[in-house]
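Both ligands and their constituent atoms are indexed starting at 1 by order of listing. Nothing here was measured: the structure is a model prediction, and the numbers come from that model.
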Amino acid sequence: MLISASMYVSAQKPLPVIVDVEHPKAKIQSTMWGIFFEDINMAADGGIYAELVKNRSFEFFNPRTGWKVRTKCKDSSALIILNRNGKHSSNPRFARITVNPDPEGYCLTNYGFRGMGIKAGAGYDFSMLAAVPSGGEMDIRIELIDQSGNKMGGTTLKISGSEWKKYSVPLISERTDTRAKLNIWFESTGVVDADMISLFPQDTWKGRKGGLRADLVQLLADMKPGFIRFPGGCIVEGRELETRYQWKNTIGPVEERHLIVNRWNTEFSHRPTPDYFQSFGLGFYEYFLLAEDIGAEPLPVLSCGMACQFNTAEVVPLNQLDPYIQDALDLIEFANGPVSSEWGKKRAEMGHPEPFHMKMIGIGNEQWGPQYFERYRLFEKAVLAKYPDMKIILGAGPSSDGDLFDFAWNELHKIKPQIVDEHYYKDPQWFLKNVNRYDHYDRNGHKIFAGEYAAQSDYVCSPNNKNNWECALAEAAFMTGLERNADVVTMCSYAPLFGHADGWQWTPDLIWFDNLRSFGTPNYYVQQMFSTHKGTDVLDITAGNESLSGQDGLFATAAWDNEKKEIILKIVNVTDKPIIRNIELKTKKSLVPGAQLSSGCSTDVFAKQGYKSG
Ligand code: AHR
């Protein structure tokens with residue numbers, strides 16, 4: 001595989017490139033290339049979670065966000081929001097609609113997530129929880145409308161009785177629109193209560209009702225990721241402890257999942273998204289299922305009792321840390337425990353009696369300072385006491401260099417963790433200069449999880465960062481260094497994963513999408529090529545007796561695939577010129593001639609491959 005953006009010309013004095021096929025250096029773990037998922041940039045609600053209705057349960061700070069009322073009624077109480085706190089503490093609010101005799105009718109419109117992506121000929125499932133308090137009936141007409149207000153499809157529904165019930169009805173759209181809306185007309189006189197008003201495409205991933213967007217999951221599946229880290233990211237921590245990610249609130253019936261504000265909602269004044277909340281429709285059960293579907297190891301990351309240190313830096317006192325540690329133990333039981341256990345039973349009730357075989361857990365995200373390490377130790381002790389085979393990941397902080405990193409480095413050498421998560425959001429030059437970062441790490445020390453990295457074309461958090469070729473090539477070069485050191489580096493993931501074209505906060509992102517379309521960036525195809533051409537054993541690839549790592553602008557890694565019996569070469573050319581090299585394979589193996597450039601390579605990439613027996 002060769003990755004380059006250049007034209008084809010000869011180099012002046014080519015160094016011989018030699019691949020030693022006979023002496024594999026290290027095993028490449030199946031987890032080597034994975035995925036980092038965080039609900040940032042509308043990755044979950046408005047993204048991979050296929051729900052089209054925004055604020056379906058009226059639980060946003062402003063319960064009317066996403067909704068518009070259309071009526072000629074003079075009575076301002078036509079729509080009121082009631083709160084049954086106490087009885088339904090996880091979903092207290094619902095809408096009460098009073099319909100007086102009105103020739104124009106009464107309509108609630110939902111605007112979706114920057115509109116709704118609706119496709120011609122596709123089926124949709126409308127549903128709502130509803131009751132008629134008086135015990136009578138209410139006729140409802142449902143309509144999909146396009147950006148100009150024209151009807152695209154619709155159906156009707158009758159609500160009856162004073163008991164809350166779920167009503168569901170399918171409908172089909174005649175036309176396509178990226179920013180469609182949903183109209184709900186209440187056509188009888190009287191009062192109706194409504195909650196969890198929902199619209200899902202039927203064409204979800206694996207056709208699951210209330211499931212995930214098929215095109216976005218397909219892009220993930222196509223990467224053949226070794227793991228999925230979830231749910232982040234800073235979202236693990238929360239801006240304050242109250243808004244940390246609490247996995248127990250994300251399982252069970254969706255109407256009982258306690259919605260909270262998304263911490264990216266107001267993070268950046270340059271990209272405010274005040275309508276960004278977490279419904280947890282994509283919760284921990286769906287996450288485990290997704291990982292299983294696409295053959296990735298689950299890697300949950302949990303709060304260590306410290307809120308985001310870039311925000312409030314709120315810390316739970318050590319003597320109050322037990323519930324946080326218990327959350328970690330219970331999550332492992334939820335994933336792996338027998339159906340007779342408290343949390344294994346909940347998993348089985350959701351439809352998955354078999355365990356999810358979770359083997360790893362991250363404690364804290366980008367934490368730093370002594371408070372982190374004292375909390376980490378307590379988690380590690382408790383988790384290993386109950387689950388001695390669990391792999392636990394310690395975070396090295398927000399950056400892979402500087403004072404915070406140096407402090408972490410000292411501390412972690414006292415703790416001797418199994419795996420350490422390092423993050424790098426740097427400019428492309430940093431990536432090129434640091435390709436050899438792990439060449440000198442202790443081969444008998446902790447393993448490295450390169451848990452978040454992305455070359456920044458402008459600067460970290462700049463809205464002008466681009467997913468350009470320079471960044472993609474710099475990452476590819478850096479990744480050759482990660483793979484060459486696969487005895488130390490066992491997991492890697494680019495971050496962030498998703499960006500909604502109309503709802504993002506952070507750029508660059510691996511995959512961009514809008515309400516109907518999605519596409520991988522150059523960075524995505526770099527990740528995909530490395531992941532789908534991983535191999536099982538690292539081979540030496542040298543130029544002038546040194547790893548091919550920067551000489552003449554070439555960076556390389558080589559691998560042997562023991563299952564496919566293939567030699568895989570990944571060579572990155574970061575110059576603006578094509579380079580021709582003879583590549584010699586030192587081997588006693590008999591080779592089948594006719595090696596091919598991997599699919600997905602740029603067509604103007606070229607290298608000449610000369611094969612020799614060693
Ligand atoms: O990937 C975006 C953010 O970058 C993550 O939430 C955080 O861990 C890092 O600072």
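By the ring-ring contact (aromatic ring centres under 6.0 Å, His included) test, F431 pairs with F478, sequence neighbours left out. Under the rule for a ring-ring contact (aromatic ring centres under 6.0 Å, His included), the partners of F449 that lie at least two apart in sequence or sit in another chain are F227. Residues meeting the ring-ring contact (aromatic ring centres under 6.0 Å, His included) test with F200, sequence neighbours left out: Y49.
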For ligand 1, find each of its N or O atoms that sits under 3.5 Å from a protein N or O atom, and tabulate the pairs with distances to one decimal place.
unit_1: ligand 1; atom_1: 1 (O); unit_2: Y425; atom_2: OH; d: 2.7
unit_1: ligand 1; atom_1: 4 (O); unit_2: Y425; atom_2: OH; d: 3.2
unit_1: ligand 1; atom_1: 4 (O); unit_2: E452; atom_2: OE1; d: 3.3
unit_1: ligand 1; atom_1: 6 (O); unit_2: E38; atom_2: OE1; d: 2.6
unit_1: ligand 1; atom_1: 6 (O); unit_2: E38; atom_2: OE2; d: 3.2
unit_1: ligand 1; atom_1: 6 (O); unit_2: C234; atom_2: N; d: 2.8
unit_1: ligand 1; atom_1: 8 (O); unit_2: N365; atom_2: ND2; d: 2.9
unit_1: ligand 1; atom_1: 8 (O); unit_2: E366; atom_2: OE2; d: 3.4
unit_1: ligand 1; atom_1: 8 (O); unit_2: E452; atom_2: OE1; d: 3.0
unit_1: ligand 1; atom_1: 8 (O); unit_2: E452; atom_2: OE2; d: 2.7
unit_1: ligand 1; atom_1: 10 (O); unit_2: E366; atom_2: OE1; d: 2.7
unit_1: ligand 1; atom_1: 10 (O); unit_2: E366; atom_2: OE2; d: 3.2

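Using a 4.0 Å cut-off between charged nitrogen and carboxylate oxygen, E333 and R347 do not count as a salt-bridge pair. The existence of a salt bridge linking K359 and D389 is excluded, since no basic side-chain nitrogen approaches an acidic carboxylate oxygen closer than 4.0 Å. A salt bridge is absent between E237 and R263; no separation between the charged side-chain nitrogens and carboxylate oxygens falls under 4.0 Å.
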